[in-house]
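The shown structure was predicted, so the numbers you read here are calculated from the model rather than taken from an experiment.
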Amino acid sequence: AAVPAAANPLAPGCEPPERSAPAQNVLPSPVSTTTRTASSDAELASAVAAATEELPDDRPRYVMGVGLPPDMLACIERGADLFDCVIPTRYGRGGTVFTRRGCIRLDQRRYRHDLYPLDPSCVCIVCQRFTRAYLHHLFAANEVLSAILASIHNVHFYQRLVREARAAVIAGDYEGF
C-alpha cells in the first residue's frame, strides 16, 4: 500500500538540490556489479516486498539508496530494517530541510524575515537555537555553517522518523503510524 498523503513528510514540489556534474576520468571498478532501480513507487514497493520475503526474519534487511521519507516508510512497511542514503546531507547542503509539514527550501526569499524554527515540533539543536531567517541568511551568504546546520537538522529528522516508525512496528500499529 502506498504511504498516505497525510503521512508523507515530503511535500509535493520539493525538488532535490542542484547536482554537480559527474566526475570525469573515473577508473573502472574491478568489481562487477548489477544495479536495479525502481522507476515508480509501485515498482519500489514490489521489489522490496519480494526481496524481504526471501530474506531471513532474524537478520537485518538492508535497502541501499532509498532515502526519501515516503520511500523509507514504504520500505519499512514491507520489512526493511536498514537504509543507507546521502539524501539528508545532500539536500541539507543544497538548502533543503525536511520537516513534519514537508520540506523547506531555505534559499527562497520568503524565509528572509521568518523568525520561526525550521520545525516547531523538532528538538534538534538547530531548531532550538536558530531561526529560518538566520539559516536563510547563511545560505544567501554562502556560509559553510549553513550546510552543516541544515545537515544536522535533516539527520535528526530522519533519526526521529525511523525511531517513531520502529516504535509503531514494535507496538503492532504501523498502519496507524
Side-chain angles (χ1 to χ4, degrees), residues 1-12 14-17 19 22-23 26-94 96-104 117-128 147-177:
V3 177
N8 183 349
L10 183 62
C14 180
E15 301 299 325
R19 294 190 71 177
V26 176
L27 297 174
S29 171
V31 179
S32 176
T33 61
T34 301
T35 303
R36 171 111 167 59
T37 59
S39 61
S40 69
D41 294 343
E43 189 175 314
L44 172 66
S46 175
V48 171
T52 55
E53 286 175 11
E54 298 296 321
L55 297 171
D57 289 334
D58 64 337
R59 302 291 171 109
R61 297 166 182 179
Y62 171 65
V63 180
M64 180 188 287
V66 172
L68 289 174
D71 296 338
M72 291 174 56
L73 294 175
C75 290
I76 290 169
E77 183 177 0
R78 287 158 183 80
D81 299 304
L82 299 170
F83 301 90
D84 179 18
C85 185
V86 300
I87 286 177
T89 53
R90 178 177 289 159
Y91 277 46
R93 289 189 309 269
T96 300
V97 292
F98 296 95
T99 73
R100 289 285 192 193
R101 299 185 60 146
C103 54
I104 293 174
L118 293 175
D119 185 345
S121 68
C122 182
V123 296
C124 80
I125 194 164
V126 178
C127 290
Q128 297 301 308
I148 294 168
L149 294 176
S151 294
I152 288 170
H153 168 79
N154 281 349
V155 169
H156 185 272
F157 173 85
Y158 272 58
Q159 287 176 328
R160 185 172 88 174
L161 179 69
V162 174
R163 186 181 317 115
E164 290 172 359
R166 180 177 190 265
V169 168
I170 290 170
D173 188 32
Y174 190 75
E175 288 184 20
F177 175 71

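- Smallest separation of non-hydrogen atoms from Phe157 and Arg100: CE1-N, 3.9 Å.
- Separating the OH atom in Tyr174 from the CZ atom in Arg78 is a distance of 9.0 Å, to the nearest 0.5 Å.
- Panel note: side chain Tyr158, backbone Phe98; no donor-acceptor pair is recorded below 3.5 Å.
- Every residue meeting the side chain to side chain donor-acceptor pair (under 3.5 Å) condition with Arg160, not counting sequence neighbours, appears here in chain and number order: Ser121.
- A donor-acceptor pair is defined here as one N or O able to donate and one able to accept, closer than 3.5 Å; such a pair exists between the side chain of Asn154 and the backbone of Thr96.
- For Ala150 against Gly92, the heavy-atom pair with the smallest separation is CB-O, 3.3 Å.
- Atom CG of residue Leu161 and atom CG of residue Leu73 lie 4.5 Å apart, to the nearest 0.5 angstrom.
- If you take SG on Cys75 and CG on Leu44, they are separated by 4.5 Å, rounding to the nearest 0.5 Å.
- Panel note: side chain Asp71, backbone Val66; no donor-acceptor pair is recorded below 3.5 Å.
- Between Cys127 and the choices Val97, Leu149, Leu118, Thr99, the side chain to side chain contact (heavy atoms under 4.5 Å, CB included) rule is met once, by Leu118.
- Ser151 places no side-chain N or O within 3.5 Å of a backbone atom of Ile148 that could act as its donor or acceptor partner.
- More than 12 heavy atoms of other shown residues, nucleotides or ligands fall within 6.0 angstrom of atom CG in Leu55.
- Using modelled atom types, no side-chain atom of Glu77 and backbone atom of Glu175 make a donor-acceptor pair closer than 3.5 Å.
- Rounded to the nearest 0.5 angstrom, His153 NE2 and Cys122 SG are separated by 5.0 Å.
- Atom CD of Gln128 is surrounded by more than 12 heavy atoms from other residues, nucleotides or ligands within 6.0 Å.
- Atoms CZ and CG, from Arg59 and Asp81 in turn, are 12.5 Å apart once rounded to the nearest 0.5 Å.
- In this structure, the side-chain contact (heavy atoms from CB on, under 4.5 Å) partners of Thr52, at least two apart in sequence or on a different chain, are Val48, Arg61.
- The shortest side-chain heavy-atom distance between His156 and Val123 falls under the 4.5 Å cut-off.
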